[in-house]
Enquirer: 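To start, I am sharing the structure in question, which I have written as structure tokens.
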Amino acid sequence: MKSFPKLRPTAWDGLVALCVVLLAAALAFFQWRGETGDLTAVVSVDGTEVDRFSPDDLLEGPRTYTGGGYTLEVALSIDYEHPASSALPPSGQTGLRVAASDCPTQDCVHTGTITRSGQSIVCLPARIIVRLEGGKAEGGAVDAVLG
């Protein structure tokens with residue numbers, strides 16, 4: 001019966017392992033450093049950015065966007081964490097919502113209010129995406145859910 005040669009790590013193996021660890025640490029630093037600055041709304045139509053504004057700019061009135069033959073009206077909204085029948089007060093967070101749309105599915109209207117960075121509202125028939133960027137990282141917020 002043939003015996004297999006004993007394999008031992010070399011200096012090159014150690015160098016590769018060190019490079020992998022350093023790369024992982026650098027990526028983790030840039031990912032977890034948190035976002036800073038004001039919350040910004042970004043609107044894209046057909047993959048092209050058409051508008052960038054602060055959600056507070058909608059205090060003057062809603063904005064209208066057209067794409068794919070459909071029209072969306074984006075408005076400022078107060079996010080209520082509790083149903084209207086609840087005795088608990090609203091959360092008071094302001095965000096964006098699609099107030100009206102003439103698209104057939106109305107998924108963008110039913111999405112509701114978005115309040116945090118990374119959230120988005122998508123209207124597939126109109127090919128319009130409204131997303132929030134920036135803002136400060138929330139302490140204790142859930143980053144991901146696995147299961």
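Starting from 1, each residue takes its place in the sequence as its number.
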Enquirer: Which heavy atom of Ile128 sits nearest to which heavy atom of Gly67, and what is that distance?
Expert: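 Reported closest heavy-atom pair: CD1-N, 3.9 Å.
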Enquirer: Applying a strict under-4.5 Å side-chain criterion to I, L, V, M, F, W and Y, I'd like to know whether Phe29 and Val20 cluster together.
Expert: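 Shared cluster, no.
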Enquirer: Which heavy-atom pair separates Pro55 from Leu96 by the least distance, and what is that distance?
Expert: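 Looking at all heavy atoms of both residues, the closest pair is CB-CD2, 4.1 Å.
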Enquirer: Output yes when a side-chain donor or acceptor of Gln106 lies under 3.5 Å from a complementary backbone atom of Ser101, and no otherwise.
Expert: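 The answer is yes, because a donor-acceptor pair under 3.5 Å joins these two groups.
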Enquirer: Atom CZ in Arg131, atom CZ in Arg52: separation rounded to 0.5 Å?
Expert: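 Taking CZ in Arg131 and CZ in Arg52, the distance rounds to 6.5 Å.
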Enquirer: Quick one: CD on Gln119 to CD on Glu133, what's the gap to the nearest 0.5 Å?
Expert: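 Between atom CD of Gln119 and atom CD of Glu133 there are 13.0 Å.
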Enquirer: Can you give me the closest heavy-atom contact between Ile129 and Ser120, atom names plus distance?
Expert: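 Closest approach of Ile129 to Ser120: CG2-CB, 4.4 Å.
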Enquirer: State, to 0.1 Å, how close Leu39 and Arg116 come at their nearest heavy-atom pair, and which atoms those are.
Expert: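 Nearest pair, atom of Leu39 first, then Arg116: CD1-C, 4.5 Å.
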Enquirer: Check the hydrophobic clustering (I, L, V, M, F, W, Y; side-chain heavy atoms under 4.5 Å; chains of links allowed) and say if Leu124 and Val74 are grouped together.
Expert: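 No, because Leu124 and Val74 fall into different hydrophobic clusters, even though each may have its own neighbours under 4.5 Å.
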Enquirer: Does the side chain of Leu58 reach to within under 4.5 Å of the side chain of Phe53, using non-hydrogen atoms?
Expert: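 They are in contact (side-chain heavy atoms under 4.5 Å apart), so the answer is yes.
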Enquirer: Would Ile121 end up clustered with Tyr70 when hydrophobic side chains under 4.5 Å apart are linked, directly or stepwise?
Expert: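 Result: no, two separate clusters.
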Enquirer: Within this structure, what is the CD-CG distance for the pair Glu73 and Asp102, rounded to the nearest 0.5 Å?
Expert: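 Between atom CD of Glu73 and atom CG of Asp102 there are 11.0 Å.
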Enquirer: Measure from the side-chain N and O atoms of Thr111 to the backbone N and O of Asp107, and report whether any donor-acceptor pair falls under 3.5 Å.
Expert: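 It does hold such a pair.
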Enquirer: Give me the atom names and distance for the closest heavy-atom approach of Ala100 to Val109.
Expert: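 Smallest interatomic distance, heavy atoms only, reads C-CG2, 4.3 Å.
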Enquirer: Using side-chain hydrogen bond (donor to acceptor under 3.5 Å, both in side chains) as the criterion, list what pairs up with Tyr65, not counting sequence neighbours.
Expert: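 Once residues adjacent in sequence are excluded, the partners of Tyr65 under the side-chain hydrogen bond (donor to acceptor under 3.5 Å, both in side chains) criterion are Asp51.
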Enquirer: With side chains defined as the heavy atoms from C-beta onward, is the minimum distance between Ser54 and Thr40 less than 4.5 Å?
Expert: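 Not touching, per the 4.5 Å side-chain cut-off.
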Enquirer: Linking I/L/V/M/F/W/Y whenever their side-chain heavy atoms sit closer than 4.5 Å, directly or via other members, would Leu27 and Val21 fall into one cluster?
Expert: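 Looking at the clustering, Val21 is in a separate group from Leu27.
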Enquirer: Looking at Val130 and Ile114, what are the two nearest heavy atoms and their distance?
Expert: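 Result for this residue pair: O-CD1, 3.9 Å.
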Enquirer: Can you name the side-chain hydrogen bond (donor to acceptor under 3.5 Å, both in side chains) partners of Glu60, sequence neighbours left out?
Expert: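 By the side-chain hydrogen bond (donor to acceptor under 3.5 Å, both in side chains) rule, Glu60 matches no residue at all.
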Enquirer: Has the side chain of Ser117 got a donor or acceptor atom that lies under 3.5 Å from a matching backbone atom of Gly134?
Expert: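 Yes, Ser117 side chain to Gly134 backbone: donor-acceptor pair under 3.5 Å.
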Enquirer: Look up atom CG in Leu72 and atom SG in Cys108, then write down how far apart they are to the nearest 0.5 Å.
Expert: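 It is 4.5 Å, given to the nearest 0.5 Å.
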Enquirer: Are the side chains of Val42 and Glu49 in contact, using a 4.5 Å heavy-atom criterion?
Expert: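 Glu49 reaches Val42 side chain to side chain.
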Enquirer: Is atom CZ of Arg63 surrounded by more than 12 heavy atoms (other residues, nucleotides or ligands) closer than 6.0 Å?
Expert: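 Enclosed: over 12 neighbouring heavy atoms sit under 6.0 Å from CZ of Arg63.
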